[in-house]
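These notes are about the structure you will find just below.
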Amino acid sequence: MAFEFDWKKNASKIEELKKVINEKKKLEGSLMPILHEGQEIFGYLPIEVQKIISEELNVPLAEIYGVVTFYSQFSLIPKGQYTIGVCLGTACYVKGSQEIIDEIKEELSIEVGGTTKDRKFSLVATRCIGACGLAPVMTINEDVYGRLKAEDVKDILRKY
Ligand code: FES
């Protein structure tokens, strides 16, 4: 799902970003700290923000895009209020975490790595979170749900 970038609403954030870029651009290796600040300011790094950084730093957009998509701490889309993480580690996978993911995708009409239109939920697949005894495991922000069945998903999501 595509989220439109609102230039008007983001005007003061863009100013803030440009200030940060100006302060940092003379320092060596300034791209990563600037991207971090950009992610902080906007909550994500849409292509419009990457273009600003590209122009101000004189770094090709493709290079910036490459960095943003390489590191998982950066996001191209806004994060939802709740992040649902479904473990795809071996123990969870064997116990059916793919079915849990499929159920969430269907229930919320999102893809893995996506955010719902109302920005309430984001869905991510995670590696083992060290709770294999509870496989398959799903987290929603700080809450952990274990020994899940696909049919439990609907009721759990309703709580949020
Ligand atoms: S494999 Fe899922 S918690 Fe370990």
Side-chain angles (χ1 to χ4, degrees), residues 1-6 10 13 16-17 20 24 29-54 59-160:
M1 118 119 263
F3 290 92
E4 221 167 291
F5 186 75
D6 190 328
N10 281 302
K13 291 182 177 178
E16 200 184 327
L17 175 69
V20 168
K24 297 198 191 286
S30 61
L31 180 58
M32 281 301 272
I34 288 171
L35 290 176
H36 271 288
E37 293 263 3
Q39 170 86 30
E40 277 288 305
I41 294 170
F42 294 91
Y44 68 122
L45 291 171
I47 204 75
E48 291 84 352
V49 170
Q50 295 178 45
K51 265 188 203 152
I52 296 170
I53 296 173
S54 158
V59 171
L61 182 60
E63 191 178 324
I64 294 183
Y65 184 80
V67 175
V68 170
T69 48
F70 183 79
Y71 292 98
S72 60
Q73 69 257 50
F74 300 130
S75 175
L76 286 166
I77 55 166
K79 284 266 171 253
Q81 183 186 356
Y82 300 105
T83 298
I84 305 170
V86 180
C87 176
L88 280 184
T90 310
C92 288
Y93 190 78
V94 167
K95 295 237 167 169
S97 54
Q98 186 60 51
E99 284 157 40
I100 307 291
I101 289 191
D102 292 342
E103 183 68 24
I104 298 167
K105 279 164 70 173
E106 164 113 22
E107 196 55 43
L108 299 177
S109 313
I110 47 174
E111 291 300 317
V112 174
T115 296
T116 54
K117 212 173 175 181
D118 60 5
R119 296 196 187 182
K120 191 162 178 189
F121 293 106
S122 296
L123 174 61
V124 295
T126 69
R127 292 187 207 155
C128 176
I129 61 163
C132 311
L134 294 176
V137 177
M138 165 175 91
T139 54
I140 301 185
N141 287 2
E142 306 306 315
D143 303 334
V144 180
Y145 297 92
R147 303 206 175 92
L148 270 179
K149 295 197 176 66
E151 56 263 34
D152 302 333
V153 166
K154 212 179 194 164
D155 284 341
I156 293 171
L157 292 179
R158 235 184 247 137
K159 294 198 232 165
Y160 293 87

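Basis for what follows: all heavy atoms, side chains included, without hydrogens, waters or symmetry-related copies. In this chain, residues are counted from 1 in sequence order. Counting starts at 1 for both ligands and their atoms, in listed order.
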Legend entry - Which of the ligand 1 atoms, numbered from 1, are nearer than 4.0 Å to a heavy atom of Gly89: 1 (S)

Legend entry - Metal proximity, Cys87 vs atom 2 (Fe) of ligand 1, N/O/S cut-off 2.8 Å: yes

Inset, instruction - Walk me through it: do Arg158 and Asp155 pass the test salt bridge (Lys or Arg N to Asp or Glu O under 4.0 Å)? - result: CA-CA 5 Å; Arg158 235 184 247 137; Asp155 284 341; 3.1 Å; yes

Legend entry - Any side-chain heavy-atom pair of Asp143 and Met138 under 4.5 Å: no

Inset, instruction - Flag Cys132 as yes if one of its N/O/S atoms falls below 2.8 Å of atom 2 (Fe) of ligand 1, otherwise no. - result: no

Inset, instruction - Give a yes or no on whether the backbone of Cys87 and the side-chain of Ser97 come within a donor-acceptor separation of less than 3.5 Å. - result: yes

Legend entry - Interfacing atoms of ligand 1 (cut-off 4.0 Å, heavy-atom, Ile129): 3 (S)

Legend entry - Sub-4.0 Å heavy-atom approach of Ala131 to ligand 1: yes

Inset, instruction - State whether the side chain of Gln50 and the backbone N or O of Leu45 hold a donor-acceptor pair below 3.5 Å, judged by distance alone. - result: yes

Inset, instruction - Please determine, by modelled atom types, if Tyr160 and Asn141 share a side-chain donor-acceptor pair under 3.5 angstrom. - result: no

Inset, instruction - Output the list of atoms in ligand 1 that are nearer than 4.0 Å to some heavy atom of Ala91, sorted by atom number. - result: 1 (S)

